[in-house]
Amino acid sequence: MTSLANHLSDLLGAAFTALDLPAPLGQVQASGRPDLAPFQCNGALAAAKIAKRAPREIAQAIADAIKEHPSITQVSIAGPGFLNLEPSQAAYTAQAAALAGDERCGASQTPTPQKVIIDFGGPNVAKPMHVGHLRSSVIGDALQRLARFAGHKVTSDIHLGDWGLQMGHLITELEDEQPDLPYFDAAATGPWPTEPPVTLDDLARLYPQAATNAKADEGRMLRSRKATAALQAGRAGYLALLHHFIAVSRAGLEKDFDALGVHFDLWKGESDVHHLIPAMIEGFTARHVAEKSDGALVIHIARDDDKKKQPPLILLSSEGSALYGTTDLATILDRKNTIGPDHTLYVVDQRQGQHFEQVFRAADKAGLAPQTSLEHIGFGTVNGTDGKPFKTREGGVMRLSDLLAMAKTAARARMAEAGIGEGMDEAALGDIARKVGLAAIKFADLRNQRMTNYVFDLERFTAFEGKTGPYLLYAAVRIKSVLRKAEAQGLTPGTITPKSAEEKALILALDGFDAACIGALSKRAPHILCEHVFELAQAFSRFYAACPILPEKDEAMRASRLALAALTLRQLECALGLLGLEAPERM
RNA sequence: GGUCCCGUAGCUCAACUGGAUAGAGCAGCCGCCUUCUAAGCGGCAGGUUGCAGGUUCGAUUCCUGCCGGGAUCGCCA
């Protein structure tokens, strides 16, 4: 189906074409002045430059050409040549019917499906999930859902950080604490204990400890780097430790991501492409893509027209170990061989922008993938209300699981206060609180433009009023309640025939879904969809306040409003789903 | 110091790639529950878009220069 805005754009486009002007000038958009008309077209102003004619004169010609069309009830010219368009009653009715009859609630599918990989630049095995991981998880998840919904073939990969220096840090730090473990004997070949020598808490403690020590002591750093190289060279005890670390870490991560409702097709990590590295590097060297520099093996990626100095990508450190960029290249190679993606998105902190620039250029230079097929989806850092990196009151990082628990508790308290869910069992209440708390957190994150730095404010995250996740859920829940009662009374929805301003406004809001999905995906900007869902929920709330549904005496009008409510719920739940939110039955 | 990003209401953020009177939410004030969930709805107030120039019919948006904040700059990720 076609949105009303697109339908009108086609109409205006034809009118522009008839004047020997480009059709895209006919682009119709939601009006910036909804008090004047719901839609506007600014093409006459741009056309004035091309045709060297007065903009109002062109606008008048366009208006004359379209004013008799059945979809339009009024067209007027304002200011320097804005065209204001008011759709006809027939257009509203037809559009509502089309939306109600469309399985996808008005959202189109891409005409050019692609194979897309979404790399979440996963958590580091050595560190627990904290609030900083929220962004990549939630943004990446919204993008994978949007891309799938649009018809692309998506493969998501958490892509754990499990192969670099952090493993050397963990190994050597553990050795200092428990030197008698069998893993540290260079000659030992196993078998190894099946019980992991560490817990999740141990990992969380060991890594920062080692990193701090190494920063202060060059000799300590060298031990970590040598251990990293030895691990990568295949030392059996270290590999056994690696597998323990990954298993312990993954068990914790699965719990966290499950609680967050984020799922991946692949749980790959850097260590999974280890076996590809030697041959890859050999090939690079043979083809003179890579060369020696200061004891390391590098790929030069600087270009003559660079404004900014581009340091080379380091493939092998002077200790002989692979680095972050090396495994990223090997991963691109692996994906080329196993999946053959058209496009790869890396949803990773903006601070790694330079790293990805290096990797993408190197991949292009080495013939692994064209640079245009690789895209870094950066985002701002998570700061506290003071503008500095977020810390708890005690000065530590806040764990994601603690944040989720807090939001859930706050939601539960709000329900008790409002007397919601009396008579329900504890499990059902907990499930509602979980959904509400999760919606609060996810929406608070997603509604921000991706690139700007992000202020983490616990109060805002657990707020349930205003422009929040729970507000959206609440709109859906109220519709569900109405529909339940309608069904109990044997009432059935009918043809949507909007009469009031609120009903028309709601149809227009519904009609914006397609543009929101396209915008959010093409700009990799979930906040555009957030904006749409909020406007939809708002339009519904106004309709709900102004237009009685069940108490309405006129049968046709009641059936019309019931159908409009049902349609709204369908799109609301669809859009919420794309953002990774879920509406309960009651709240 | 080089490069990049940011600066919009008291606070947190939008503004569909140059359009009309810069919009929301929170906080503040005033109304609305014996009609479907008040986690709601309506209204009021709140701005020289960091500063100064430039480009043009028109600038939060594009260009230049300042001021202020952040990120990053070869073997960490």
Side-chain angles (χ1 to χ4, degrees), chain A residues 29-33 35-36 40 42 45-46 48-49 55 78-82 84 121 124 126-127 161 164-166 169 211 214-215 221 224-225 270 293-298 306-319 321 323-325 348-355 358 378 380-381 383 385 387-388 411 414-415 417-418 420 436 444 447-449 451-453 455 457 459-460 463-468 470-471 473-475 477-486 512 515-516 519 523 527-528 530-531 534-535 538 541-542 544-546 548-552 565 586-587:
Chain A
Q29 53 195 254
S31 176
R33 292 287 305 275
D35 52 317
L36 300 178
Q40 66 172 318
N42 300 337
L45 293 144
K49 280 183 185 164
F82 299 107
N84 290 321
N124 195 315
K127 302 178 197 169
L165 180 68
Q166 74 269 26
H169 275 329
K215 208 167 185 180
M221 176 62 97
S224 287
R225 292 182 55 196
E270 296 174 332
S293 170
D294 295 344
L297 187 68
V298 307
D306 283 340
K307 278 187 191 168
K308 176 178 178 177
K309 194 186 163 211
Q310 292 288 350
L313 180 141
I314 297 174
L315 283 171
L316 291 177
S317 76
S318 43
E319 293 300 329
S321 54
L323 281 77
Y324 188 29
V348 181
D349 189 324
Q350 183 55 36
R351 285 177 297 190
Q352 292 182 39
Q354 168 147 15
H355 163 75
Q358 289 180 315
T381 52
N383 297 333
T385 40
K388 291 176 183 162
R414 179 69 188 82
M415 287 164 67
E417 185 187 310
I420 302 288
V436 172
R447 78 188 195 94
N448 296 306
Q449 199 179 59
M451 293 298 266
T452 57
N453 281 344
V455 174
D457 180 354
E459 251 177 65
R460 245 180 77 228
F464 302 140
E465 275 115 44
K467 195 170 183 176
T468 63
Y471 174 86
L473 264 40
Y474 185 64
V477 163
R478 291 207 286 186
I479 302 176
K480 289 186 184 193
S481 176
V482 169
L483 296 184
R484 270 196 306 270
K485 287 187 174 159
K523 290 172 192 165
H527 85 277
I528 292 176
C530 289
E531 202 68 26
F534 179 67
E535 278 168 18
Q538 231 177 4
S541 293
R542 290 188 183 122
Y544 182 85
I549 303 169
L550 301 180
E552 174 58 46
R586 291 165 226 276
M587 65 183 275

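Because the structure is a prediction, the values reported are computed rather than measured. Each chain gets a letter, A, B and so on, in the order the sequences are listed, and its residues count up from 1.
- Between the C1' atoms of B:G7 and B:G50, the separation comes to 6 Å (whole Å).
- Between A:Gln352 and A:Arg484, the one whose closest nucleotide on RNA chain B sits nearer the 5' end is A:Arg484.
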Side chain to side chain contact (heavy atoms under 4.5 Å, CB included) between A:Val482 and A:Leu550, worked out: CA-CA 8 Å; A:Val482 169; A:Leu550 301 180; 4.1 Å; yes

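- Side-chain atoms of A:Ser293 come within donor-acceptor range of the base of B:G74, with a qualifying N/O pair under 3.5 Å.
- The phosphate of B:A39 has OP1 or OP2 within less than 4.0 Å of a side-chain N or O from A:Tyr474.
- Taking the P atom of each, B:C13 and B:A52 are spaced 25 Å apart, rounded to whole Å.
- As judged by a 4.0 angstrom heavy-atom cut-off over every strand, A:Ala48 is placed among residues making no nucleic acid contact.
- Straight-line distance from the CG atom of A:Asp349 to the C1' atom of B:C76: 14 Å, rounded to whole Å.
- For the OP1/OP2 pair of B:C26 and a distance below 4.0 Å, the side-chain nitrogens and oxygens of A:Tyr471 include no atom meeting the criterion.
- Taking the P atoms as reference points, B:G25 lies 24 Å from B:C36, given to the whole Å.
- The CG-C1' distance, from A:Leu483 to B:C36, rounds to 11 Å in whole Å.
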Test side chain to side chain donor-acceptor pair (under 3.5 Å) on A:Gln352 and A:Tyr324; report intermediate values, then the result. CA-CA 11 Å; A:Gln352 292 182 39; A:Tyr324 188 29; 2.7 Å; yes

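- The nearest whole Å value for the distance from the CG atom in A:Leu313 to the P atom in B:G74 is 13 Å.
- When heavy atoms are screened at a 4.0 angstrom cut-off, A:Glu270 is found touching the sugar-phosphate backbone but no base atom.
- Counting non-hydrogen atoms under 4.0 angstrom, A:Ile420 reaches a base of the nucleic acid.
- A:Tyr544 comes within 4.0 angstrom of a base, heavy atoms only.
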Restricting to nitrogen or oxygen on both sides, can you table the protein-nucleotides 17-23 of chain B pairs closer than 3.5 Å?
from	atom 1	to	atom 2	distance (Å)
B:A20	O2'	A:Arg33	NH1	2.7
B:A20	N7	A:Gln40	OE1	3.2
B:A20	N6	A:Gln40	OE1	3.0
B:A20	N6	A:Asn84	OD1	2.6
B:A20	N1	A:Asn84	OD1	3.3
B:A20	N1	A:Asn84	ND2	3.1
B:U21	N3	A:Arg33	NH2	3.1
B:U21	O4	A:Arg33	NH2	2.2

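- In this structure, the nucleotide among B:C13, B:A39, B:A77 sitting nearest to the side chain of A:Glu465 is B:A39.
- To the nearest whole angstrom, the two C1' atoms, one in B:G47 and one in B:C11, are 15 Å apart.
- Within the 4.0 Å cut-off from OP1 or OP2 of B:U37, at least one side-chain nitrogen or oxygen of A:Ser481 is found.
- Proximity of A:Lys485 to the phosphate of B:U37: a side-chain N or O atom is located under 4.0 Å from OP1 or OP2.
- Atom C1' of B:A59 sits at a distance of 33 Å from the matching atom of B:G43, rounded to the whole Å.
- The distance from atom NE2 of A:His355 to atom C1' of B:C76 is 11 Å, rounded to the nearest whole Å.
- Annotation: side chain of A:Arg586 is not in contact with side chain of A:Met415 (no heavy-atom distance under 4.5 Å).
- With contacts defined as side-chain heavy-atom distances shorter than 4.5 Å, the pair A:Leu323/A:Leu315 does not qualify.
- Taking CG of A:Leu473 as the reference point, atom CZ of A:Arg478 lies at 12.5 Å (rounded to 0.5 Å).
- Listed pair A:Arg351 / B:C4 fails the phosphate criterion, with no side-chain N or O lying under 4.0 Å from OP1 or OP2.
- Atom P of B:G70 sits at a distance of 32 Å from the matching atom of B:G54, rounded to the whole Å.
- Side-chain atoms of A:Gln358 come within 3.5 Å of backbone atoms of A:Pro312 as a donor-acceptor pair (strictly under, hydrogens ignored).
- B:C41 shows a glycosidic angle more than 90° from 0 and is accordingly assigned anti.
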Chi angles and distances behind the ring-ring contact (aromatic ring centres under 6.0 Å, His included) call for A:Tyr471, A:Phe534: CA-CA 8 Å; A:Tyr471 174 86; A:Phe534 179 67; 5.4 Å; yes

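- Using a 4.0 Å heavy-atom criterion, one finds that A:Met587 contacts the bases of the nucleic acid, with or without backbone contacts as well.
- Using the Watson-Crick or G-U wobble rule with both distances under 3.5 Å, B:C11 pairs with B:G25.
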Interface polar pairs with nucleotides 42-48 of chain B, N/O, under 3.5 angstrom:
from	atom 1	to	atom 2	distance (Å)
B:G42	OP1	A:Arg542	NE	2.4

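- At the heavy-atom level, A:Ile549 lies under 4.0 Å from base atoms of the strands shown.
- Comparing B:U35, B:A14, B:A77 by their nearest atom to the side chain of A:Pro548 picks out B:U35.
- Here, B:A22 and B:G46 have their C1' atoms 14 Å apart, quoted to the whole Å.
- Atom CD in A:Gln354 sits roughly 11 Å away from atom C1' in B:A71 (whole-Å rounding).
- The 5' end of RNA chain B is approached more closely, in terms of each residue's nearest nucleotide, by A:Arg447 than by the other of A:Arg447 and A:Val436.
- Rounded to whole Å, the separation between the P atoms of B:U60 and B:A45 comes to 23 Å.
- Across all strands, A:Asp294 comes closer than 4.0 Å to base atoms (heavy-atom distances).
- Applying the 90° criterion around 0 to the glycosidic angle, B:U55 comes out anti.
- Looking at heavy-atom distances under 4.0 Å, A:His527 makes contact with sugar-phosphate atoms alone, never a base.
- The residues A:Glu535 and A:Lys467 are annotated as not salt-bridged, no charged nitrogen and carboxylate oxygen being separated by less than 4.0 angstrom.
- Looking at A:Arg225 and A:Ser321, their side chains never come closer than 4.5 Å, going by heavy atoms from C-beta outward.
- Using a 4.0 Å heavy-atom criterion, one finds that A:Ser318 contacts the bases of the nucleic acid, with or without backbone contacts as well.
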